[in-house]
S.K.: 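Mind having a look at this structure? Questions to follow.
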Amino acid sequence: MDEKERQIPGSVQYMIRRYQKDPQWSLEDTGMMVYHFQREKPQENYFEIRFCISGNAYCNQKEKDCQNCRIHTSRLCPDRTETVDVMSFRFSAVHLSQFVKPQQQAGSLSDNVLHFKHPSSFSKILSLCSRTRMVLEGMLNHHYTDSLENIFINAQTQMLLLYSLECMLGEKEVEAFQCKFLANGADREKINLAREILLEHIGEPLTIRELSRKVAINECYLKKGFKELFGTTIFDFYQGQRMEHARYLLYEKGLSVTDVSVMLGYSSISHFSTAFKKHTGLKPCELLFKA
(Lines give C-alpha, C1' and ligand atoms only; values in the text may rest on other atoms or scores of the structure.)
Protein backbone atom coordinates (compact mmCIF):
# COMPACT_ATOMS: atom_id res chain seq x y z
CA MET A 1 0.00 0.00 0.00
CA ASP A 2 1.21 3.52 -0.83
CA GLU A 3 0.06 6.55 1.14
CA LYS A 4 0.43 10.32 0.97
CA GLU A 5 -0.93 12.76 3.51
CA ARG A 6 -0.70 16.46 4.29
CA GLN A 7 -1.88 18.36 7.35
CA ILE A 8 -1.28 22.13 7.29
CA PRO A 9 -3.43 24.43 9.50
CA GLY A 10 -5.99 26.34 7.46
CA SER A 11 -5.09 24.52 4.25
CA VAL A 12 -6.50 21.51 2.41
CA GLN A 13 -5.95 18.36 4.45
CA TYR A 14 -5.60 15.46 2.06
CA MET A 15 -4.98 11.73 2.18
CA ILE A 16 -4.28 9.46 -0.80
CA ARG A 17 -4.01 5.70 -0.33
CA ARG A 18 -3.34 3.18 -3.08
CA TYR A 19 -4.10 -0.52 -2.59
CA GLN A 20 -3.28 -3.41 -4.89
CA LYS A 21 -6.60 -4.73 -6.15
CA ASP A 22 -7.69 -8.23 -5.21
CA PRO A 23 -9.14 -10.03 -8.29
CA GLN A 24 -12.19 -10.99 -6.21
CA TRP A 25 -13.11 -7.40 -5.36
CA SER A 26 -16.07 -5.96 -7.21
CA LEU A 27 -15.99 -2.20 -6.84
CA GLU A 28 -17.44 0.79 -8.68
CA ASP A 29 -15.90 4.24 -8.89
CA THR A 30 -17.69 6.55 -6.54
CA GLY A 31 -17.42 9.93 -4.87
CA MET A 32 -18.99 11.60 -1.84
CA MET A 33 -19.10 15.08 -0.37
CA VAL A 34 -19.54 15.68 3.35
CA TYR A 35 -20.62 18.99 4.86
CA HIS A 36 -19.88 18.96 8.60
CA PHE A 37 -21.49 21.79 10.55
CA GLN A 38 -21.43 22.44 14.31
CA ARG A 39 -23.03 25.70 15.33
CA GLU A 40 -21.51 25.61 18.81
CA LYS A 41 -18.01 24.65 17.59
CA PRO A 42 -17.40 26.60 14.37
CA GLN A 43 -13.68 25.82 14.50
CA GLU A 44 -14.59 22.18 13.76
CA ASN A 45 -16.60 22.92 10.62
CA TYR A 46 -15.29 21.41 7.39
CA PHE A 47 -16.25 20.43 3.85
CA GLU A 48 -14.81 17.15 2.58
CA ILE A 49 -14.82 15.31 -0.73
CA ARG A 50 -13.93 11.63 -0.95
CA PHE A 51 -13.28 9.31 -3.88
CA CYS A 52 -12.76 5.60 -4.40
CA ILE A 53 -11.41 4.76 -7.85
CA SER A 54 -11.04 1.11 -8.81
CA GLY A 55 -9.65 -0.76 -11.78
CA ASN A 56 -6.86 1.70 -12.54
CA ALA A 57 -3.57 0.49 -13.98
CA TYR A 58 -0.21 1.72 -12.72
CA CYS A 59 3.10 0.45 -13.99
CA ASN A 60 5.65 -1.00 -11.56
CA GLN A 61 8.42 0.34 -13.78
CA LYS A 62 7.01 3.85 -14.15
CA GLU A 63 9.77 5.49 -12.14
CA LYS A 64 12.25 3.88 -14.57
CA ASP A 65 10.67 5.69 -17.50
CA CYS A 66 8.38 2.97 -18.88
CA GLN A 67 7.73 3.72 -22.55
CA ASN A 68 4.05 2.75 -22.42
CA CYS A 69 3.39 5.02 -19.46
CA ARG A 70 5.22 7.90 -21.13
CA ILE A 71 2.75 7.82 -24.03
CA HIS A 72 -0.26 7.25 -21.70
CA THR A 73 -0.91 3.65 -22.76
CA SER A 74 -0.32 2.10 -19.34
CA ARG A 75 -2.98 -0.54 -19.92
CA LEU A 76 -0.73 -2.04 -22.58
CA CYS A 77 2.18 -2.25 -20.17
CA PRO A 78 3.18 -5.82 -19.20
CA ASP A 79 4.23 -4.61 -15.72
CA ARG A 80 0.97 -2.92 -14.86
CA THR A 81 -0.72 -3.34 -11.48
CA GLU A 82 -4.47 -3.01 -10.90
CA THR A 83 -5.20 -0.74 -7.95
CA VAL A 84 -7.94 0.68 -5.76
CA ASP A 85 -7.29 4.32 -4.87
CA VAL A 86 -8.96 5.99 -1.89
CA MET A 87 -8.68 9.77 -1.58
CA SER A 88 -10.09 12.42 0.73
CA PHE A 89 -9.72 16.21 0.66
CA ARG A 90 -10.88 18.24 3.65
CA PHE A 91 -11.37 22.01 3.37
CA SER A 92 -11.52 24.08 6.56
CA ALA A 93 -13.69 27.16 6.96
CA VAL A 94 -10.55 29.32 6.96
CA HIS A 95 -9.41 27.85 3.65
CA LEU A 96 -12.82 28.20 1.99
CA SER A 97 -13.14 31.83 3.10
CA GLN A 98 -10.80 32.86 0.25
CA PHE A 99 -13.49 31.94 -2.28
CA VAL A 100 -16.47 33.72 -0.72
CA LYS A 101 -17.83 37.24 -0.84
CA PRO A 102 -19.71 38.94 2.02
CA GLN A 103 -23.35 37.84 2.05
CA GLN A 104 -25.95 40.57 2.30
CA GLN A 105 -28.86 38.15 1.94
CA ALA A 106 -29.58 34.45 1.59
CA GLY A 107 -27.36 32.96 -1.10
CA SER A 108 -27.32 29.82 -3.20
CA LEU A 109 -26.68 26.43 -1.65
CA SER A 110 -23.03 26.54 -2.72
CA ASP A 111 -22.57 30.03 -1.21
CA ASN A 112 -24.19 28.91 2.06
CA VAL A 113 -21.95 25.86 2.19
CA LEU A 114 -18.78 27.87 1.54
CA HIS A 115 -19.86 30.39 4.20
CA PHE A 116 -20.92 27.55 6.55
CA LYS A 117 -24.34 29.16 6.74
CA HIS A 118 -26.23 25.98 5.82
CA PRO A 119 -27.84 25.01 9.16
CA SER A 120 -27.28 21.24 9.17
CA SER A 121 -24.69 18.64 8.19
CA PHE A 122 -25.27 16.49 5.12
CA SER A 123 -23.57 14.12 2.71
CA LYS A 124 -24.15 13.56 -1.00
CA ILE A 125 -23.00 10.90 -3.46
CA LEU A 126 -21.08 12.40 -6.38
CA SER A 127 -21.21 11.24 -9.96
CA LEU A 128 -17.75 11.12 -11.48
CA CYS A 129 -17.79 13.14 -14.68
CA SER A 130 -14.95 13.00 -17.17
CA ARG A 131 -13.48 16.26 -15.83
CA THR A 132 -13.30 14.90 -12.28
CA ARG A 133 -11.78 11.64 -13.49
CA MET A 134 -9.14 13.57 -15.43
CA VAL A 135 -8.13 15.57 -12.35
CA LEU A 136 -8.00 12.47 -10.13
CA GLU A 137 -5.95 10.60 -12.71
CA GLY A 138 -3.52 13.50 -12.87
CA MET A 139 -3.13 13.55 -9.08
CA LEU A 140 -2.48 9.81 -8.96
CA ASN A 141 -0.17 9.65 -11.93
CA HIS A 142 2.05 12.75 -11.81
CA HIS A 143 5.85 13.00 -11.58
CA TYR A 144 6.17 16.11 -9.38
CA THR A 145 8.03 16.06 -6.06
CA ASP A 146 8.58 18.41 -3.11
CA SER A 147 7.53 22.03 -3.78
CA LEU A 148 6.36 21.36 -7.34
CA GLU A 149 4.11 18.58 -6.07
CA ASN A 150 2.59 20.96 -3.53
CA ILE A 151 1.82 23.54 -6.22
CA PHE A 152 0.30 20.89 -8.47
CA ILE A 153 -1.86 19.30 -5.73
CA ASN A 154 -3.16 22.70 -4.57
CA ALA A 155 -4.31 23.56 -8.09
CA GLN A 156 -5.99 20.19 -8.63
CA THR A 157 -7.87 20.27 -5.31
CA GLN A 158 -9.46 23.57 -6.31
CA MET A 159 -10.71 21.95 -9.51
CA LEU A 160 -12.18 19.04 -7.53
CA LEU A 161 -13.91 21.54 -5.24
CA LEU A 162 -15.39 23.38 -8.24
CA TYR A 163 -16.69 20.24 -9.94
CA SER A 164 -18.09 18.86 -6.68
CA LEU A 165 -20.04 22.05 -5.97
CA GLU A 166 -21.40 21.97 -9.52
CA CYS A 167 -22.53 18.41 -8.93
CA MET A 168 -24.18 19.41 -5.65
CA LEU A 169 -26.21 22.05 -7.46
CA GLY A 170 -27.33 19.48 -10.01
CA GLU A 171 -25.72 21.27 -12.93
CA LYS A 172 -25.39 19.22 -16.08
CA GLU A 173 -22.02 17.83 -16.98
CA VAL A 174 -20.52 20.30 -19.41
CA GLU A 175 -18.30 18.83 -22.09
CA ALA A 176 -18.59 21.70 -24.57
CA PHE A 177 -18.14 25.33 -23.65
CA GLN A 178 -20.50 28.09 -24.63
CA CYS A 179 -17.88 30.72 -25.40
CA LYS A 180 -17.40 31.00 -29.15
CA PHE A 181 -13.65 31.31 -28.85
CA LEU A 182 -13.54 27.98 -26.94
CA ALA A 183 -15.48 26.09 -29.58
CA ASN A 184 -12.44 24.12 -30.72
CA GLY A 185 -9.94 21.95 -28.90
CA ALA A 186 -6.93 24.04 -29.91
CA ASP A 187 -8.18 27.10 -28.01
CA ARG A 188 -9.02 25.04 -24.94
CA GLU A 189 -5.51 23.57 -25.02
CA LYS A 190 -4.05 27.09 -25.03
CA ILE A 191 -6.08 28.02 -21.95
CA ASN A 192 -4.95 24.85 -20.17
CA LEU A 193 -1.36 25.59 -21.16
CA ALA A 194 -1.69 29.09 -19.69
CA ARG A 195 -2.71 27.54 -16.37
CA GLU A 196 0.30 25.21 -16.42
CA ILE A 197 2.64 28.10 -17.19
CA LEU A 198 1.26 30.06 -14.23
CA LEU A 199 1.99 27.12 -11.94
CA GLU A 200 5.50 26.76 -13.33
CA HIS A 201 6.19 30.46 -12.68
CA ILE A 202 4.79 30.61 -9.16
CA GLY A 203 7.76 32.73 -8.04
CA GLU A 204 8.08 34.74 -11.26
CA PRO A 205 4.89 36.79 -11.74
CA LEU A 206 3.81 37.12 -15.37
CA THR A 207 1.63 39.85 -16.85
CA ILE A 208 -1.42 38.77 -18.80
CA ARG A 209 0.24 40.18 -21.92
CA GLU A 210 3.31 37.98 -21.38
CA LEU A 211 1.13 34.98 -20.70
CA SER A 212 -1.00 35.56 -23.79
CA ARG A 213 2.14 35.72 -25.94
CA LYS A 214 3.44 32.46 -24.50
CA VAL A 215 0.26 30.61 -25.46
CA ALA A 216 -0.40 32.60 -28.66
CA ILE A 217 -3.91 33.80 -27.85
CA ASN A 218 -5.54 37.22 -27.58
CA GLU A 219 -5.44 38.77 -24.07
CA CYS A 220 -9.20 39.27 -23.93
CA TYR A 221 -9.87 35.71 -25.07
CA LEU A 222 -7.36 34.42 -22.54
CA LYS A 223 -9.06 36.20 -19.64
CA LYS A 224 -12.58 35.19 -20.66
CA GLY A 225 -11.56 31.65 -21.54
CA PHE A 226 -9.71 31.14 -18.26
CA LYS A 227 -12.73 32.29 -16.26
CA GLU A 228 -15.03 30.01 -18.28
CA LEU A 229 -12.87 26.90 -17.89
CA PHE A 230 -11.69 27.30 -14.32
CA GLY A 231 -14.36 29.45 -12.67
CA THR A 232 -11.94 32.13 -11.50
CA THR A 233 -9.89 35.01 -12.87
CA ILE A 234 -6.24 34.58 -13.81
CA PHE A 235 -5.15 36.91 -11.00
CA ASP A 236 -7.26 35.23 -8.29
CA PHE A 237 -6.11 31.77 -9.36
CA TYR A 238 -2.44 32.74 -9.44
CA GLN A 239 -2.59 34.66 -6.17
CA GLY A 240 -4.36 31.78 -4.45
CA GLN A 241 -1.71 29.32 -5.60
CA ARG A 242 1.11 31.61 -4.48
CA MET A 243 -0.35 31.98 -0.99
CA GLU A 244 -1.04 28.26 -0.60
CA HIS A 245 2.52 27.53 -1.66
CA ALA A 246 3.73 30.17 0.82
CA ARG A 247 1.77 28.40 3.56
CA TYR A 248 3.46 25.14 2.59
CA LEU A 249 6.96 26.67 2.57
CA LEU A 250 6.44 28.32 5.95
CA TYR A 251 4.76 25.46 7.79
CA GLU A 252 6.13 22.31 6.13
CA LYS A 253 9.58 23.48 5.07
CA GLY A 254 10.16 25.86 7.98
CA LEU A 255 11.52 28.67 5.78
CA SER A 256 11.68 32.23 7.07
CA VAL A 257 9.18 34.90 6.05
CA THR A 258 11.99 36.77 4.32
CA ASP A 259 13.04 33.74 2.26
CA VAL A 260 9.47 32.92 1.22
CA SER A 261 8.70 36.48 0.17
CA VAL A 262 11.81 36.51 -2.03
CA MET A 263 11.06 33.07 -3.50
CA LEU A 264 7.56 34.20 -4.49
CA GLY A 265 8.80 37.36 -6.17
CA TYR A 266 7.65 40.00 -3.67
CA SER A 267 9.51 43.31 -3.58
CA SER A 268 9.05 43.66 0.19
CA ILE A 269 8.13 41.56 3.21
CA SER A 270 5.26 43.93 4.05
CA HIS A 271 3.61 43.40 0.65
CA PHE A 272 3.92 39.64 1.08
CA SER A 273 2.57 39.74 4.65
CA THR A 274 -0.44 41.81 3.58
CA ALA A 275 -1.27 39.42 0.73
CA PHE A 276 -0.79 36.38 2.95
CA LYS A 277 -3.07 37.69 5.69
CA LYS A 278 -5.74 38.64 3.14
CA HIS A 279 -5.71 35.08 1.81
CA THR A 280 -5.33 33.07 5.03
CA GLY A 281 -6.50 35.36 7.81
CA LEU A 282 -3.10 34.98 9.48
CA LYS A 283 0.16 36.88 9.37
CA PRO A 284 3.05 34.71 8.11
CA CYS A 285 4.73 34.85 11.53
CA GLU A 286 1.54 33.56 13.19
CA LEU A 287 1.63 30.44 11.03
CA LEU A 288 5.24 29.82 12.08
CA PHE A 289 4.14 29.84 15.71
CA LYS A 290 1.69 27.02 14.90
CA ALA A 291 4.44 24.80 13.42
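In this text the structure is predicted, and so the values were computed from the model without any measurement. All residue numbers refer to positions in the sequence shown, counting from 1.
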S.K.: With a 4.5 Å heavy-atom cut-off, do Pro119 and Arg39 have their side chains touching?
M.R.: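 Side chain of Pro119 against side chain of Arg39, heavy atoms only: contact under 4.5 Å found.
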S.K.: Rounded to the nearest 0.5 Å, how far does CZ of Phe51 lie from CG of Leu136?
M.R.: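 Going from the CG atom of Leu136 to the CZ atom of Phe51 covers 5.0 Å.
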S.K.: Could you tell me whether the side chain of Tyr238 and the main chain of His201 form a donor-acceptor pair under 3.5 Å?
M.R.: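 Indeed, once roles are kept as given, a pair shorter than 3.5 Å links the two residues.
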S.K.: Are Leu128 and Leu165 linked, directly or through intermediate hydrophobic residues, by side-chain heavy-atom contacts shorter than 4.5 Å (ILVMFWY only)?
M.R.: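 Hydrophobic grouping puts Leu165 with Leu128.
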S.K.: I need the minimum non-hydrogen distance between Tyr266 and Arg242, along with the two atoms involved.
M.R.: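 Closest pair (atom of Tyr266, atom of Arg242, distance): CE1-NH2, 3.2 Å.
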S.K.: Hey, are the side chains of Leu96 and Phe47 touching, using non-hydrogen atoms and a 4.5 Å cut-off?
M.R.: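 Heavy-atom side-chain distance check passes, below 4.5 Å.
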S.K.: I'd like to know if Leu140 and Met32 are part of one continuous hydrophobic network [Ile/Leu/Val/Met/Phe/Trp/Tyr, side-chain heavy atoms within less than 4.5 Å].
M.R.: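 No.
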S.K.: What distance do Arg213 atom CZ and Leu206 atom CG have between them, rounded to the nearest 0.5 Å?
M.R.: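 The CG atom of Leu206 is 12.0 Å from CZ of Arg213, to the nearest 0.5 Å.
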S.K.: Within this structure, what is the CD1-CZ distance for the pair Ile197 and Arg195, rounded to the nearest 0.5 Å?
M.R.: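 Going from CD1 on Ile197 over to CZ on Arg195, the span is 12.5 Å.
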S.K.: Say whether Ile49 and Val34 are linked into one hydrophobic cluster, either directly or through other cluster members, by side-chain heavy-atom distances under 4.5 angstrom.
M.R.: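 Different hydrophobic clusters.
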S.K.: Please say yes or no: joined through hydrophobic side-chain contacts below 4.5 Å, possibly via intermediate residues, are Leu162 and Ile153 part of one cluster?
M.R.: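 Same hydrophobic cluster.
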S.K.: Nearest 0.5 Å please: distance from the CZ atom of Arg188 over to the CG atom of Leu193.
M.R.: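 Those atoms lie 15.0 Å apart.
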S.K.: What's the separation between atom CE in Met15 and atom CD in Glu5, rounded to the nearest 0.5 Å?
M.R.: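 Result: 7.0 Å between the selected atoms.
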S.K.: Sequence neighbours excluded, which residues qualify as side-chain contact (heavy atoms from CB on, under 4.5 Å) partners of Glu252?
M.R.: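 Testing Glu252 for side-chain contact (heavy atoms from CB on, under 4.5 Å), a comparison that skips the adjacent residues, returns Ile8, Tyr248.
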S.K.: Does the pair Thr258 and Ser256 meet the rule for a side-chain hydrogen bond (donor to acceptor under 3.5 Å, both in side chains), with working shown?
M.R.: CA-CA 5 Å; Thr258 300; Ser256 69; 4.7 Å; no
S.K.: Quick test of your reading of the model: are Glu166 and Arg131 salt-bridged, counting only N-O distances below 4.0 Å?
M.R.: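 Yes, this pair counts.
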S.K.: Are Met159 and Leu199 connected into the same hydrophobic cluster when the rule is that any two of I, L, V, M, F, W, Y join if their side-chain heavy atoms are below 4.5 Å apart?
M.R.: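 Leu199 and Met159: one cluster.
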S.K.: Kindly determine whether Ser268 and His271 satisfy side-chain hydrogen bond (donor to acceptor under 3.5 Å, both in side chains), including the steps that lead there.
M.R.: CA-CA 5 Å; Ser268 70; His271 289 165; 3.2 Å; yes
S.K.: With rounding to the nearest 0.5 Å, note down the distance linking CD in Gln158 to CZ in Phe89.
M.R.: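 It comes to 12.5 Å.
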S.K.: For residues 120-141, pull every pair meeting ring pair (Phe, Tyr, Trp, His ring centres under 6.0 Å), keeping only residues two or more places apart or in separate chains.
M.R.: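 For residues 120-141, and leaving out neighbouring residues, the ring pair (Phe, Tyr, Trp, His ring centres under 6.0 Å) pairs sorted by first residue read Tyr35-Phe122, His118-Phe122.
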